[in-house]
Amino acid sequence: MKTLLTALPLLASLGLPMAALAETDPADWDAVTSAAKGQTVYWHAWGGSTATNDFIAWVGDRVSEDYGVTLEHVKLTDTADAVTRVLTEKQAGQDDDSAVDMIWINGANFASMKEADLLFGPFAEDLPNWQYVDVDGKTVQTDFTVPVEGYESPWAMAQVVFMYDTADMDATLPTAEAMLEWAQANPGRFTYPQPPDFLGATFLKQVLIELTDDNDVLAKPVDEADFAAVTAPLWDYLDALTPVLWRQGQAYPATGPAQLQLMADNEIDLAISFSPGEASTAIANNQLPDTVRTFVLEAGTLGNASFVAVPYNSGSKEGAMVVANFLMSPEAQLRAQDPNILGYGTVLDMAKLSEDERTAFANLDLGVATLSPAELGTVQPEPHGSWMTRITQEWTERYGAGQ
């Protein structure tokens, strides 16, 4: 065990299984921080971005300094790998001291873990920094339509934007149909990451939301009886788009950073991002030319929160709660929103912060390519997580690279 609770010897002598041990009450923050000291938290999180990896390393430095918690970033290419690890542990009867202490998670993976009782909690709304979270203006209490109920903690806001190079494109594109027309007039100059990559799947969802006649059906789990009819406009659209993509749709960038590299190399002029500040960050880091700007579609674009969750069998639950709480702190949120660092949207409500904290956020230069909150316009809610799973499966059958 990474943590030895004082009650362990007594409970063990009574013959109680480890899974029956009481957890530290998340609302008793002094007890949480006391138990967390000396713990190591293995945070399984996407590792495909140097900027994100550097931010996580900084978080590790801060929680080590203030709480004596060691944070180890286990870099993932697919969040499902961490979910599978926890499920395998449960099937093997490993109900404590998991190799996974915290996961950067949302969508279908969260829904699967919650349904299978693989999550510790509820804990998020008992964390001290929850008091600063914007529970009314941001989607922090549902995750792809699934109620969070305190089983994951928000730490960043995201919204789809499209990055374009003004050196090559004269104007923004107001609709998915306009994007198709532009791609047909400029073959090879657009692509998206290959599903099931999260960003590539997001592009599919964005187009589906715009083309479907009934968005309410997307808020419900996929009904196979309706799947073909609901998604028919998406496949018609992609049938027309795929031949005019980069490399005629015979190959795709594997990730968002790989897509950005294509733009940096002037192989494409248009790309999708789920971070309104990513283009400014990339410009500041000399990863993109300073002629790149962003736009959203006139009917709005998808938005959601990024969360962290703690597996039920983590041996460092207190340390994980310390990290989750720090991620919601004004200090961490300000750093994450800085386009020179990450350029992520904040989950905090400015009205709940101190005057000095509000001033710090107000004085933050969001960067030359970042749209203001007003310019970002309407946020379209995420479909139920089952839609992402089903349409990526169908996409692979229809358009998977190498077919």
Side-chain angles (χ1 to χ4, degrees), residues 29 32-33 36-77 79 82 100-106 124 127-130 132-133 152-158 255-257 260 273-287 305-310 314 316 318-348 353-354 356-357 359-367 370:
W29 193 241
V32 169
T33 56
K37 190 172 182 179
Q39 289 184 347
T40 297
V41 175
Y42 290 92
W43 183 7
H44 289 238
W46 180 62
S49 163
T50 300
T52 303
N53 296 344
D54 290 346
F55 176 78
I56 291 175
W58 172 81
V59 171
D61 290 341
R62 293 292 293 107
V63 297
S64 176
E65 294 168 4
D66 289 354
Y67 299 99
V69 172
T70 299
L71 182 63
E72 296 287 349
H73 180 190
V74 180
K75 298 179 176 66
L76 300 177
T77 56
T79 303
V100 185
D101 294 307
M102 193 169 76
I103 308 174
W104 177 0
I105 195 170
N106 64 0
L127 300 179
N129 286 330
W130 179 263
Y132 303 121
V133 173
E152 55 182 357
S153 177
W155 72 283
M157 292 301 301
T255 63
L260 250 62
S273 173
F274 217 147
S275 172
E278 182 176 19
S280 291
T281 300
I283 291 170
N285 293 336
N286 297 313
Q287 294 174 297
S306 287
F307 296 90
V308 292
V310 182
S314 165
S316 296
E318 295 86 0
M321 285 190 281
V322 164
V323 176
N325 184 64
F326 180 74
L327 287 168
M328 292 190 295
S329 69
E331 177 188 359
Q333 290 287 298
L334 181 67
R335 185 176 180 88
Q337 194 168 34
D338 187 339
N340 294 305
I341 306 296
L342 280 183
Y344 286 3
T346 182
V347 301
L348 303 185
L353 304 184
S354 70
D356 287 346
E357 290 165 343
T359 299
F361 275 93
N363 290 341
L364 192 62
D365 183 358
L366 296 181
T370 305

Is it the case that Gln333 and Thr346 place a side-chain donor and acceptor less than 3.5 Å from each other?
yes
4.5 Å side-chain heavy-atom contact, Leu366 and Ser280:
no
Taking Ser329 for its side chain and Phe326 for its backbone only, find out whether a donor-acceptor pair lies under 3.5 Å.
yes
Of the non-hydrogen atoms in Leu127 and Ala324, which two are nearest, and what is the gap between them?
CD1-CB, 4.0 Å
For Gly343, is there any backbone N or O sitting under 3.5 Å from a side-chain donor or acceptor partner on Ser275?
yes
About how many Å separate CG of Leu334 and CD of Glu357, when rounded to the nearest 0.5 Å?
9.0 Å
Is the shortest heavy-atom distance from the side chain of Val322 to the side chain of Gln39 under 4.5 Å?
no
When rounded to the nearest 0.5 angstrom, what distance separates NE2 in His73 from NE2 in His44?
9.5 Å
Under 3.5 Å, side chain of Ser153 to main-chain N/O of Val308, donor-acceptor pair present?
no
Return the minimal non-hydrogen interatomic distance between Gly48 and Pro257, and the atom names on each side.
O-CG, 3.1 Å
For the student: nearest non-hydrogen atoms of Pro154 and Trp130, plus distance:
CD-CZ3, 3.7 Å
Which of parallel (below 30°), tilted (30 to 60°) and perpendicular (above 60°) describes Trp155 and Trp43?
perpendicular
Taking the side chain as every heavy atom from C-beta outward, state whether Trp46 and Thr79 have any atom pair closer than 4.5 Å.
no
Kindly compute the distance separating CG (Asp101) from CD (Glu318), expressed to the nearest 0.5 Å.
10.5 Å
Just wondering, do Leu342 and Thr52 contact through their side chains at under 4.5 Å, heavy atoms?
yes
If you look only at distance, which donor and acceptor atoms sit under 3.5 Å apart when one is on a side chain in residues 53-60 and the other is two or more places apart or in another chain?
| from | atom 1 | to | atom 2 | distance (Å) |
| --- | --- | --- | --- | --- |
| Asn53 | ND2 | Gly47 | O | 3.2 |
| Asn53 | ND2 | Ser49 | O | 3.2 |

What's the verdict on side chain to side chain contact (heavy atoms under 4.5 Å, CB included) for Val100 and Tyr42, showing C-alpha distance, side-chain angles and the deciding distance?
CA-CA 6 Å; Val100 185; Tyr42 290 92; over 6 Å; no
For the atom pair NZ (Lys37) and OG (Ser64), what is the distance rounded to the nearest 0.5 Å?
11.0 Å
For a 4.5 angstrom cut-off between non-hydrogen side-chain atoms, does Leu348 reach Leu353?
yes
What heavy-atom pair brings Val69 and Ala36 nearest, and what distance separates the two atoms?
CG2-O, 3.5 Å
Non-hydrogen atoms of Glu152 and Asn106 that approach each other most closely:
OE1-CA, 4.4 Å
What distance do Ile283 atom CD1 and Glu278 atom CD have between them, rounded to the nearest 0.5 Å?
11.0 Å
Check Leu76 against Ala82 and note the closest heavy-atom contact, atom names and distance.
CD1-CB, 3.9 Å
Main chain of Asn129, side chain of Asn325: is a donor-acceptor contact present, judged purely on distance under 3.5 Å?
yes
First locate atom CG of Asp365, then atom CG of Asp338, and finally report the distance between them rounded to the nearest 0.5 Å.
8.5 Å
